[in-house]
2 protein chains.
Amino acid sequence: MHEIDDDQTAVLRRFNRSYTQRIGALDDSFLGSGMPLGTARVLYEIGTGVDMVAALRARLDLDSGYVSRMLRRLESDDLVVVAQDPADRRRRTVALTSGGQERWDAIEASSGRRAAGLMEPLSPRQRERLTAALREADLLVRAATVDLRPVDPEDPRAVVAVGAYVDELNRRFSEGFDAARATREDAVSLRPPRGVFLVAVSDGDPVACGAVRTIGPGVAEIKRMWVDATWRGAGLGSRMLRRLEEEAARLGDSVVRLDTRGELSEAVALYERAGYRPVERYNDNPDAGLFYEKAL
Amino acid sequence: MHEIDDDQTAVLRRFNRSYTQRIGALDDSFLGSGMPLGTARVLYEIGTGVDMVAALRARLDLDSGYVSRMLRRLESDDLVVVAQDPADRRRRTVALTSGGQERWDAIEASSGRRAAGLMEPLSPRQRERLTAALREADLLVRAATVDLRPVDPEDPRAVVAVGAYVDELNRRFSEGFDAARATREDAVSLRPPRGVFLVAVSDGDPVACGAVRTIGPGVAEIKRMWVDATWRGAGLGSRMLRRLEEEAARLGDSVVRLDTRGELSEAVALYERAGYRPVERYNDNPDAGLFYEKAL
DNA sequence: GCCAATCTCTGACTAGAGTCAGAGGTTATG
DNA sequence: CATAACCTCTGACTCTAGTCAGAGATTGGC
């Protein structure tokens, strides 16, 4: 790996210190709502559309008993209603009551006011600088902390990612790719022991995917490379590619191939940067025009 | 005031959310130390050189009883020694023991490792982008959250600030300005009811200062404008100037004057941007070559 | 149709963070 | 030199956050 500069970690740590001391106080806007922070966070998530208790727990990474108790409190304050999910009666759904919605709006407004208050002392130009810096830092911090995890091609997150991938191909080439067919195909070849499907998940949402499978003795092929449009430029593609190569090695392969097409210029640039070299057509994929190979 | 863009607060809030969820975990490095976060923070501050219990309390903004208890715990773990301050025996001093220093080093190292771990997935170029963005954000966030507060010219913070101001003049012009004399003069004219002395304090340290005093019927004069070199470019100077003008108005003045010299180009630019216009020499300050005035 | 797995809930805890009221010694001030 | 102001400490609390063990209802897989 590349060495990490001490100055860089120092900047991060310095920022962390000043930030938690100052803006960390933004969290207190939750406190201004008169309920404990944990409870307010739960209410907030419900307001943003999380409608299953299990999803809530996964999102906030909390103990089930703890969440249950907080929901009970919110219920007795008449801010949410919890009901049985008719589809699976073990599960429970949550929703804001009208009073809960009001409270949510109030939290939202107060949080916005605090953010505005923080920026208030700055001149318009400085605000723009701060906003730009935070936007950049946000993208990179998020990108650095997504985890690439192997999932089954039929896992909901994989299905969503492939759906987005196919949508994009259709938007760009309008040639009628079919997401359901893609998933059916993937289910055959892109799972152990012949292949691996990886998704990059951030806040529970898939933001990138990629897969690899063995197509011949010692030869692997990379498929389904996709990065969400808002996440490009943060190095997610190359990270995914690197991980897929590791997976190929683990499958026992020493050569990696892939097909793509010239119009996907970001992808092509990514592959070439990563050391892939053009080769002759090695399959009969009618949608592909360019073929690449790399020896591991 | 200027309107604050909703998009800008949205960026700030989005950043805040992703940040506290991800890097906020940097704080856990304190937790890895086996002691509660509060206690670890206290130990950390002592290690950075805070040597008075009172300073510690002010710095972390904690209840005196609470700090006392944490110190007791650190003492019983043989990490710090608390002793009476001989100069003022109500006060107590704190220092790390050798064991405490070891522990501090360990916390420091682990915190650095975590920061490095966060950056590890990023490519060198992305790391540079992240570092630059955080550096910029840090400066602006700090600048936005300093508070400008009126203090007595003999307040230690004012004395330190004036000292830095005089040092800088001496470095740039080497004409033997004298800090002690400056403070003596300020103590006469730059305190209520005739004048006001403002310091910008960040983390307990003065990072900018400025003062205003009435020098004639309806006429105020601005003095001691200084911004710490590492804090320039964050709008602290114009904020200070604006506040001083408000103070002048409060003193009942409607015209503000000031003197400076052409070599102080940043200062001159600041004044001109703020609407100050050159006027004839209005005093006999031998160190000044330029004179400005603004009607409020 | 049984058994294991899943989801949610309750009860019983622990530990950390922080507040408040005063006691006791010490120093500035008129 | 009395008195107010100051600094630190102890005791007695409150509130949150979070954990753990199981009970009860429900569902999926063989």
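All chains are named by letter (A, B, ...) in the order of the sequence lines, taking the proteins before the strands, and each is independently numbered beginning at 1. Given the structure is predicted, the values throughout are model-derived calculations rather than measurements.
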For this session: Ignoring hydrogens and angles, state whether a donor on the side chain of A/Ser76 or A/Arg72 is under 3.5 Å from an acceptor on the partner side chain.
Result: no

For this session: Calculate the interatomic distance between B/Met35 atom CE and C/dG16 atom P; express it in whole Å.
Result: 12 Å

Exercise. Starting at CZ of A/Arg41 and ending at P of D/dA17, how long is that distance when rounded to a whole Å?
Worked result: 8 Å

Exercise. Which residue lies toward the 5' end of DNA chain C, B/Arg73 or B/Ser64, if each is placed at its nearest nucleotide?
Worked result: B/Arg73

For this session: Pick base, sugar-phosphate or nothing for B/Arg72, based on heavy-atom distances below 4.0 Å to the nucleic acid.
Result: sugar-phosphate

Exercise. Taking for each residue the nucleotide of DNA chain D with the nearest heavy atom, is it A/Arg90 or B/Asp63 whose nucleotide lies nearer the 5' end?
Worked result: B/Asp63

Exercise. For D/dT8, does either OP1 or OP2 sit under 4.0 Å from a side-chain N or O belonging to B/Arg89?
Worked result: no

For this session: Examine distances only and state if a side-chain atom of A/Thr39 and a backbone atom of A/Met70 form a donor-acceptor pair shorter than 3.5 Å.
Result: no

For this session: Identify the two heavy atoms, one from B/Leu56 and one from B/Glu45, that lie closest to each other, and give their separation to 0.1 Å.
Result: CD1-CB, 3.7 Å

Exercise. More than 12 heavy atoms of other residues, nucleotides or ligands under 6.0 Å from CD of B/Glu102: is that the case?
Worked result: no

For this session: With the side chain of A/Leu37 defined as its heavy atoms from C-beta on, choose the nearest nucleotide among D/dA17, D/dT27, C/dT27.
Result: D/dA17

Exercise. What integer distance in Å separates B/Leu71:CG from D/dC9:C1'?
Worked result: 11 Å

Problem set entry | Euclidean distance, atom CZ of residue A/Arg91 to atom C1' of C/dT6 [Å, nearest integer] | 9 Å

Exercise. Which sits closer to the 5' end of DNA chain D, A/Ala87 or A/Leu62, going by the nucleotide each is nearest to?
Worked result: A/Leu62

For this session: Under 4.0 Å between any heavy atoms, over every strand shown, what does B/Gly38 touch: base, sugar-phosphate, or nothing? Just pick one.
Result: sugar-phosphate

Exercise. Can you tell me how far P of C/dT8 sits from CE of A/Met70, to the nearest Å?
Worked result: 14 Å

Exercise. Base, sugar-phosphate, or nothing for A/Val67, non-hydrogen atoms under 4.0 angstrom?
Worked result: nothing

Exercise. Between C/dT6 atom C1' and A/Gln84 atom CD, what is the distance in whole Å?
Worked result: 14 Å

Exercise. Do A/Gln84 side-chain atoms and A/Arg92 backbone N/O form a donor-acceptor pair below 3.5 Å?
Worked result: no

Exercise. Does the D/dG18 base have a donor-acceptor partner in the side chain of A/Arg69 within less than 3.5 Å?
Worked result: no

Problem set entry | Euclidean distance, atom CG of residue A/Leu60 to atom P of D/dT16 [Å, nearest integer] | 18 Å

Exercise. Separation of A/Arg57 atom CZ from C/dT6 atom P, in whole Å?
Worked result: 12 Å

For this session: Could you check A/Tyr66 against B/Asp85 and say which one's nearest nucleotide on DNA chain C is further toward the 5' end?
Result: A/Tyr66

